[in-house]
Amino acid sequence: MKVSLKQQAYQTIRTKILNCEYAPNSYLNEEQLCKEINVSRTPVRDALSRLEQENLIKILPKKGVVVAPLNINEINMIYETRVLLEPYILATYGNRIDDDHFNKLKNIISESDSLIKLVTTSSSADLTKIHELDDAFHKLIVCSSENPYFIQCYKNMSAQNTRLRILSGSLNKDRLEKTQIEHIEIANEIIKRNYKKAADTLEAHLMASKDAAFNVILSGGFEL
């Protein structure tokens, strides 16, 4: 029962942070969290400890719990880490992406293609699934390393990307199409077993994504 309550508290608070129901830089009240989730302090404190390890909150002595900021500096650090991590994994462990994993990459690209075409023709189209597929593409590459530290690091950065997307309200449709093209280019190099070229292409893709993220922050009027 205790494990279940801890997981419930963790998932509830984490989801609200990712959905920006708890906004960046806002303070969380431990007692209020207990009331919202209907649990005691122990599961909430356990959840907060886990979320601090994921860099989603900061526990400040004598001040309280604050939701991690999402600004130019944060985005810069996230992409600095991704550019160091993901191309290295692809160049070093790309040979572990077997036919089964490559077919999954192709399926991700194919499903994304259909959804992106829908988005470009409908202003009311839901972008959530496209975001999930984008994460799945990168996660598959990261997981090919079979290194749990790399995988956890990517999980943390993926959570920050989710918050950025929620805050932006929508993504530049032109950028969605370019992302799709870049994913196809990466996959083409993987199937040719040219892992160094695939890694270089992935790095260029991440740098373009970083520029797009900066534009979202700068044009969105968020507190920097």
Side-chain angles (χ1 to χ4, degrees), residues 6-39 41 43-86 126-136 138-139 142 150-173 175-176 179 205-224:
K6 288 179 180 179
Q7 188 64 19
Q8 176 189 341
Y10 167 75
Q11 290 291 357
T12 300
I13 299 171
R14 188 176 191 273
T15 298
K16 290 190 175 186
I17 290 174
L18 296 188
N19 291 339
C20 295
E21 291 180 54
Y22 299 149
N25 290 313
S26 65
Y27 278 86
L28 302 180
N29 182 281
E30 190 175 294
E31 184 177 348
Q32 184 62 36
L33 290 174
C34 293
K35 291 180 180 178
E36 287 183 22
I37 307 170
N38 195 28
V39 296
R41 287 182 180 271
V44 167
R45 287 177 177 173
D46 180 83
L48 294 176
S49 178
R50 291 175 64 183
L51 292 167
E52 185 177 37
Q53 292 175 20
E54 295 179 20
N55 297 317
L56 288 174
I57 65 166
K58 295 181 180 180
I59 301 176
L60 306 176
K62 299 182 180 180
K63 291 185 178 181
V65 179
V66 63
V67 179
L70 191 59
N71 51 36
I72 287 292
N73 187 49
E74 290 291 319
I75 297 302
N76 189 57
M77 289 189 292
I78 289 167
Y79 276 95
E80 181 180 23
T81 305
R82 290 190 69 181
V83 167
L84 287 171
L85 180 71
E86 294 182 48
D126 185 7
L127 296 172
T128 302
K129 185 60 178 178
I130 294 177
H131 300 163
E132 291 174 354
L133 289 168
D134 181 82
D135 285 338
H138 289 271
K139 186 176 180 181
V142 172
F150 287 164
I151 294 168
Q152 182 60 49
C153 184
Y154 177 78
K155 179 183 176 182
N156 294 348
M157 292 184 292
S158 176
Q160 303 292 13
N161 281 339
T162 298
R163 293 203 300 156
L164 176 62
R165 288 161 177 159
I166 295 294
L167 282 177
S168 69
S170 63
L171 290 180
N172 184 298
K173 293 178 181 179
R175 180 59 204 153
L176 288 177
T179 291
H205 164 61
L206 291 172
M207 294 304 294
S209 297
K210 175 184 176 181
D211 289 343
F214 278 175
N215 289 335
V216 167
I217 291 291
L218 293 173
S219 65
F222 307 131
E223 182 180 350
L224 303 179

Kindly write out the residues that satisfy side chain to side chain donor-acceptor pair (under 3.5 Å) with [X], not counting sequence neighbours, or none if the list is empty.
X: Asn156; value: Gln152
X: Thr179; value: Arg175
X: Thr162; value: none
X: Tyr79; value: none

**Asked** Restricting to pairs with a member in residues 8-24, which pass salt bridge (Lys or Arg N to Asp or Glu O under 4.0 Å), not counting sequence neighbours?
**Response** Arg14-Glu54, Lys16-Glu36
Can you list everything that forms a side-chain contact (heavy atoms from CB on, under 4.5 Å) with [X]? Sequence neighbours excluded, please.
X: Asn76; result: Lys210, Phe214
X: Asn38; result: none
X: Val67; result: Ile17, Tyr22, Ser26, Leu28, Arg163

**Item:** Sole residue of Thr81, Val142, Asp135 in side-chain contact (heavy atoms from CB on, under 4.5 Å) with Met157
**Value:**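 Among the candidates, only Thr81 passes.
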Those residues that, when tested against [X], pass salt bridge (Lys or Arg N to Asp or Glu O under 4.0 Å) (two or more places apart):
X: Lys63; value: none
X: Asp46; value: none
X: Arg45; value: Glu30
X: Glu80; value: none

**Message:** If you compare all heavy atoms of Asn25 against all heavy atoms of Pro69, which two are closest, and at what distance to 0.1 Å?
**Reply:** OD1-CB, 3.3 Å
**Message:** Are the side chains of Leu48 and Leu33 in contact, using a 4.5 Å heavy-atom criterion?
**Reply:** yes
